[in-house]
Every structure is written in C-alpha cells, then in structure tokens.
Amino acid sequence: EVPTRDEYLVAMAAANTIVTKANQEIELLKARVSLLENSEVPGPSGPTGSTGPTGPLAKFWHSGGSRNTNLESACKEWGAWRGRPCDFALVYSTRLAVWGAFVDSHFKAGQIGTHTDPSIDKMIQTSPFPKGGTYDDLLLGKYDGYWQQIGTGIKSLVDKGHKIIVSIAWEMNGTYMYWGGGGSGEKYNNPAEYIAGYRRIVEQLRKTYPDVRTAWVINAHATPAAVGTTDAWGLFPGADVVTYPGIDVYDMYPRSWSI
C-alpha cells in the first residue's frame with residue numbers, strides 16, 4: 001500500500017526527530033569523554049615498570065581497595081596485586097567503645113593506627129558519638145571537648161604529611177544506623193536535629209583544627225519517610241560545613257539511581 005503524501009510527511013518528521021535526538025546523545029557522550037581525557041585532576045602513577053591501567057580513567061580519580069580489613073597492610077596488598085599503588089584508604093572509628101577509645105581511633109588507635117604512610121589519603125567514617133550517646137547530649141555541648149580532642153589529633157597527623165577527611169555520621173538517611181533517623185535518643189527525631197548535630201561537630205573540630213576536611217555521605221538506595229524526609233538532600237547540613245558530599249552505592253536492588 002502506497003502511503004499518502006501526509007502520511008509520508010509525518011513519517012519523515014518522526015524519523016528526523018529520532019535522528020536529531022541520537023545526534024544529541026552522541027555529542028553528549030563526546031563531551032563526557034573529552035572531560036575525562038582533558039581532566040586536570042591528578043591520579044596515581046604506577047610503580048617503576050608497572051603496566052597498570054592506562055587511558056583517561058586511569059588519571060581521573062583516586063581508587064583503592066583491600067580485603068575489607070581497612071588496615072594499611074591490606075591497602076598495600078591490593079596495590080601490589082593490581083600493579084599500581086593504592087592511594088586512598090577508608091577507615092572506621094571504634095564507635096562501640098567508651099569515649100576515650102572512640103577519640104583515639106580517629107588518629108592513633110584502631111584502624112587508622114595502622115596507617116603510617118602519608119602517601120595514602122585517608123577518610124575516617126565516624127559516628128556522631130559512641131554507642132549509647134544521644135543527639136540531646138550532643139546538642140547540649142556535652143561532647144564538645146571530645147570532638148576538640150579529635151580535631152587536635154587529626155591535625156597532628158596532617159602536620160606529619162597525612163591527608164585526612166572526616167566523614168561524619170555517614171548513611172544517616174536510613175533507620176538502620178544507631179545515629180540514623182526515625183527515633184529518639186541515639187537516633188535523631190527529625191532532619192533539623194541531625195543537621196544541628198553535624199554542624200556542632202564541625203564547629204568543635206574547627207576549634208582545634210580550622211582546616212579540617214569533612215564529608216557527608218548518604219546511602220544511594222533509599223531515604224524512608226521515617227527519617228522525616230524522603231529526599232536525602234533534606235538532611236544536608238550546608239556547604240559551609242561539608243567539604244565533600246558523597247554517596248555509598250551497593251551492588252543490590254533497588255538500583256542506585258532509584259534515590
């Protein structure tokens with residue numbers, strides 16, 4: 001059956017629209033590739049004789065890994081295995097402890113206590129208080145001195161050449177962490193309480209280490225209404241106290257873009 005003139009024109013218009021969109025997608029991909037290829041962000045260089053990853057992604061960002069022990073030895077083991085040094089390590093504070101051990105685990109004990117190599121940048125994932133603490137006491141200033149001690153300790157590492165980021169109360173946009181939302185006491189009652197707690201911690205850290213670098217890290221997969229918002233950005237403490245926004249993405253369902 002031969003199409004009419006009008007049917008032909010409609011089909012041609014639809015085809016042109018598809019071609020135009022495809023060309024737009026191609027140009028967008030080209031732009032993204034160009035961004036990676038021309039990025040000025042330095043990346044790790046391989047050891048002498050290394051045949052590690054090459055190309056734009058190899059110079060674009062830090063990368064690391066370990067056997068999930070978070071020790072310096074595991075970080076170096078990973079680097080040796082892949083043939084390129086691991087230059088970024090994630091460590092955790094000892095949060096199921098009394099305040100003294102909790103404080104020390106930010107700069108001289110626990111996982112970070114095994115890290116003596118300043119060429120490896122470190123991010124400390126930490127809670128707003130040890131298990132058993134409360135947001136009420138945090139906001140009343142009862143923990144101020146401890147966070148000032150932590151600032152002093154972290155600065156002592158930085159003065160020795162280490163690069164440290166403090167990730168405060170990570171994955172707060174859920175109810176499963178004891179410092180998460182949807183409750184009282186250890187958990188925050190509403191987003192405003194969490195934000196005030198985060199900001200108070202940064203304020204105390206800056207009293208003894210004014211240049212402290214901080215991170216605010218959410219879970220990628222869900223922000224339940226029980227925490228007081230279904231939008232994780234409703235928990236953002238503010239750009240004046242957050243150096244690096246971050247996101248934890250897990251290989252699981254629902255897909256990470258479902259946030």
Check: Asn70 main-chain N/O paired with His115 side-chain donor or acceptor under 3.5 Å: yes

Residue pair Val212 / Thr243: nearest heavy atoms and the distance that separates them: O-OG1, 4.2 Å

Gap between atom CD1 of Ile201 and atom CG of Leu138 - 0.5 Å precision: 5.0 Å

Ile165 vs Lys122, side-chain contact (heavy atoms from CB on, under 4.5 Å): CA-CA, chis, key distance, verdict: CA-CA 6 Å; Ile165 300 169; Lys122 273 79 70 176; over 6 Å; no

Exercise: do Ser93 and Ser105 side chains pair donor with acceptor under 3.5 Å: no

Check: Glu171/Tyr176 side-chain N/O donor and acceptor closer than 3.5 Å: yes

Test log, rule side-chain contact (heavy atoms from CB on, under 4.5 Å), inputs Ile124 and Gln111: CA-CA 9 Å; Ile124 307 169; Gln111 293 177 359; over 6 Å; no

Salt bridge (Lys or Arg N to Asp or Glu O under 4.0 Å) evaluation trace for Lys207 with Asp144: CA-CA 10 Å; Lys207 285 185 177 181; Asp144 288 358; 5.3 Å; no

Distance, nearest 0.5 Å, that separates CG of Leu71 from OG1 of Thr114: 4.5 Å

Minimum heavy-atom distance Val241-Val202, with the two atoms named: O-CG2, 3.8 Å

Check: Phe129 ring centre within less than 6.0 Å of Trp179 ring centre: no

Heavy-atom donor-acceptor pair, Thr229 side chain to Ala225 backbone, under 3.5 Å: no

Hydrophobic cluster membership, Tyr244 vs Phe236, 4.5 Å side-chain cutoff: yes

Joint hydrophobic cluster, Trp147 plus Val158, side-chain heavy atoms closer than 4.5 Å: yes

Side-chain (Lys187) to main-chain (Met177) donor-acceptor, under 3.5 angstrom: yes

Closest approach of Cys86 to Cys75 (non-hydrogen atoms, all atoms of both residues): SG-SG, 2.6 Å

Side-chain donor or acceptor of Gln125 paired with backbone N/O of Val91 under 3.5 Å: no

same_hphob_cluster(Val98, Tyr92) at 4.5 Å side-chain heavy-atom cutoff: no

Donor-acceptor under 3.5 Å (Trp216 side chain, Ile247 main chain): no

Backbone N/O of Thr208 and side chain of Thr152: donor-acceptor pair under 3.5 Å: no

Residues Ser127 and Tyr178: side-chain donor-acceptor under 3.5 angstrom: yes

Flag side-chain contact, heavy atom, 4.5 Å: Ile218 against Met172: yes

Aromatic plane relationship, Tyr194 with Tyr198 - under 30° parallel, 30 to 60° tilted, over 60° perpendicular: tilted

Distance in Å, Trp99 CH2 paired with Gln149 CD, rounded so as to fall on 0.5 Å steps: 9.5 Å

Donor-acceptor under 3.5 Å (Asp248 side chain, Asn219 main chain): no

Closest approach of Lys76 to Ile120 (non-hydrogen atoms, all atoms of both residues): NZ-CD1, 4.2 Å

Distance in Å, Met123 CE paired with Trp170 CH2, rounded so as to fall on 0.5 Å steps: 9.5 Å

Side-chain touch Thr126/Val166, heavy atoms, less than 4.5 angstrom: yes

Verify same cluster id: Phe102, Leu96 (apolar side-chain graph, 4.5 Å): yes

Side-chain ion pair, Asp211 and Lys155, N-O less than 4.0 Å: no

Test side-chain contact (heavy atoms from CB on, under 4.5 Å) applied to Thr223 and Asp231, step by step: CA-CA 6 Å; Thr223 303; Asp231 180 358; over 6 Å; no

Verdict with reasoning, Ile150 to Tyr209, per side-chain contact (heavy atoms from CB on, under 4.5 Å): CA-CA 9 Å; Ile150 291 171; Tyr209 179 27; over 6 Å; no

Test item: side-chain donor near acceptor, Asp117 and Ser119, under 3.5 Å: yes

Distance (rounded to the nearest 0.5 Å) between Leu205 CG and Ile168 CD1: 5.5 Å

Value rounded to 0.5 Å, distance of NE2 in His106 from OG1 in Thr94: 8.5 Å

For the student: nearest non-hydrogen atoms of Ile195 and Gly234, plus distance: CD1-O, 3.7 Å

Shortest non-hydrogen contact from Asn189 toward Gly183: OD1-O, 2.6 Å

